[in-house]
Amino acid sequence: MSEAYEVQARAELAAWKRKILKKPGVLGEAARAVQGRINRAIPEKIHLAITGVIEQMTRGIMTGADITTPEPMQGASLAEREALVREKIAFYRTTAAAEGGAAGAGGFLLAAVDFPALIGLKIKLLFDIAALYGHYGDRPAERLYILQIFQLAFSSPGHRHAIYEAMTRTGSTPVSLEDFDWRKFQQEYRDHIDLAKLAQLIPVIGAPVGAIVNYALIDKLGETAMNAYRLRIFG
């Protein structure tokens, strides 16, 4: 591992840790309170229905034959791995932005289709990144780690802190998909992207908003994944 690159990667990891563990500001707390009131107003049967849909969709992506897990990259330096990771992130950003722009221009129905398609792109990106860091994406433990990375990127500060602590503390992670808290997963994810994605439905501005939002979401996920795998290397 190049010493200069390792110093740079460690510095980026430290900065990322400070950012994700930072306490929310006043505006963040206010937005969270509003979202909480909205959630309490939604009937329980609606919550259960949404949870079921996201659980089935994510389980299908995580365990189904439609996901081809790449072979783990062997014998490469961290700098070589991360150069390829950045290329993958750039590719998925461009793909997601094009999809989001088309969905935003197409109104409600296409925007609704964009939601599961975007989850699929995000999960596929995480599998590709796992392989580039030398991990086997077909192993249950790695798939659970991938779900934790997903939550780390798209959750409220409080839940994000809990996920980070679980990822860095041995023995505190779910041991199977059956133990996974799907209700919390869907609610945190939905709350995190709701306002941005709703703007995708607004006439005229829907297309550029859809492209920008999808680009930013993939970019954030890529940064989170890189640093989550650096945690395994540097501790």
Side-chain angles (χ1 to χ4, degrees), residues 1-22 58 61-99 117-155 160-161 163-174 177 180 189 214-235:
M1 184 186 300
S2 164
E3 185 176 344
Y5 190 84
E6 179 179 342
V7 169
Q8 174 189 331
R10 284 182 180 274
E12 290 175 1
L13 175 60
W16 173 77
K17 285 181 184 178
R18 289 193 296 271
K19 181 172 68 174
I20 67 163
L21 296 176
K22 183 180 179 181
T58 312
I61 293 169
M62 293 292 292
T63 63
D66 54 333
I67 285 287
T68 303
T69 57
E71 282 296 311
M73 188 176 187
Q74 305 294 337
S77 69
L78 181 63
E80 291 168 334
R81 293 180 192 279
E82 294 199 338
L84 294 173
V85 168
R86 289 186 174 94
E87 288 180 9
K88 283 289 182 184
I89 293 169
F91 170 77
Y92 279 92
R93 274 196 318 243
T94 302
T95 303
E99 184 178 271
L118 184 59
I119 291 182
L121 282 176
K122 289 171 179 173
I123 296 292
K124 186 65 173 70
L125 170 61
L126 292 178
F127 274 106
D128 286 351
I129 290 176
L132 289 172
Y133 278 102
H135 298 284
Y136 289 88
D138 58 351
R139 294 179 177 174
E142 196 62 37
R143 294 189 175 209
L144 285 166
Y145 194 73
I146 283 171
L147 282 176
Q148 288 184 305
I149 294 172
F150 194 100
Q151 290 185 97
L152 197 59
F154 307 121
S155 293
R160 187 166 64 237
H161 295 174
I163 292 296
Y164 176 83
E165 290 299 322
M167 292 172 77
T168 55
R169 189 171 64 249
T170 304
S172 59
T173 57
L177 287 175
F180 195 76
Y189 177 66
N214 281 13
Y215 184 99
L217 291 172
I218 292 291
D219 193 60
K220 182 176 185 179
L221 182 63
E223 178 193 27
T224 303
M226 286 183 70
N227 285 294
Y229 282 107
R230 284 169 173 171
L231 281 174
R232 286 181 164 179
I233 299 169
F234 301 130

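Please read these numbers as outputs of a predicted model, since none were measured by experiment.
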Donor-acceptor pair, side chain of Arg93 and main chain of Tyr215, under 3.5 angstrom: no

Go through the steps for Glu82 and Tyr133 under the test side-chain hydrogen bond (donor to acceptor under 3.5 Å, both in side chains), then give the verdict. CA-CA 8 Å; Glu82 294 199 338; Tyr133 278 102; 2.6 Å; yes

With side chain to side chain contact (heavy atoms under 4.5 Å, CB included) as the test, would you mind laying out the steps for Glu142 and Tyr136 before giving the verdict? CA-CA 7 Å; Glu142 196 62 37; Tyr136 289 88; 5.9 Å; no

Within the distance-only criterion (no hydrogens, no angle test), does the side chain of Arg160 pair as donor or acceptor with the backbone N or O of Ser155 below 3.5 angstrom? yes

Taking all atoms of both residues into account, what is the closest heavy-atom pair of Arg81 and Gly134, and its distance? NH1-N, 3.6 Å

From Lys88 NZ over to Leu126 CG, what is the distance, rounded to the nearest 0.5 angstrom? 12.5 Å

Test of ring centre spacing under 6.0 Å for Tyr145 and His135: no

Once rounded to the nearest 0.5 Å, what's the spacing between atom CZ of Arg232 and atom OG1 of Thr168? 12.5 Å

How long is the gap from CD1 on Ile129 to CG on Leu84, to the nearest 0.5 Å? 11.5 Å

Measure the CD1-CG distance between Ile89 and Asp219 for me, rounded to the nearest 0.5 Å. 7.0 Å

Cation-pi check for Tyr189 against Lys122: NZ or CZ below 6.0 Å from the six-membered ring centre and within 45 degrees of the axis, yes or no? no

Distance col, row Leu221:CG vs Ile149:CD1, nearest 0.5 angstrom, shows 8.0 Å

For a quick test of reading the model, state the closest non-hydrogen atom pair linking Met167 to Ala228 and the distance between them. CE-CB, 4.0 Å

For the residue pair Asn214 and Ile218, establish whether any side-chain heavy-atom pair is separated by less than 4.5 Å. no

Heavy atoms of Thr224 and Ala153 approach each other most closely as OG1-CB, 3.6 Å

Does any non-hydrogen side-chain atom of Tyr92 lie less than 4.5 Å from one of Asp128? yes

Of Glu223, Glu12, Glu80, which is the lone residue that meets salt bridge (Lys or Arg N to Asp or Glu O under 4.0 Å) with Arg86? Glu12

Looking only at heavy atoms, which two atoms of Gly137 and Phe127 are closest? And how far apart? O-CE2, 3.1 Å

Could you give the distance from CD1 (Ile233) to CG (Leu78), rounded to the nearest 0.5 Å? 5.0 Å

Heavy atoms only: give me the nearest Tyr229-Ala130 pair and the separation to one decimal. OH-CB, 3.2 Å

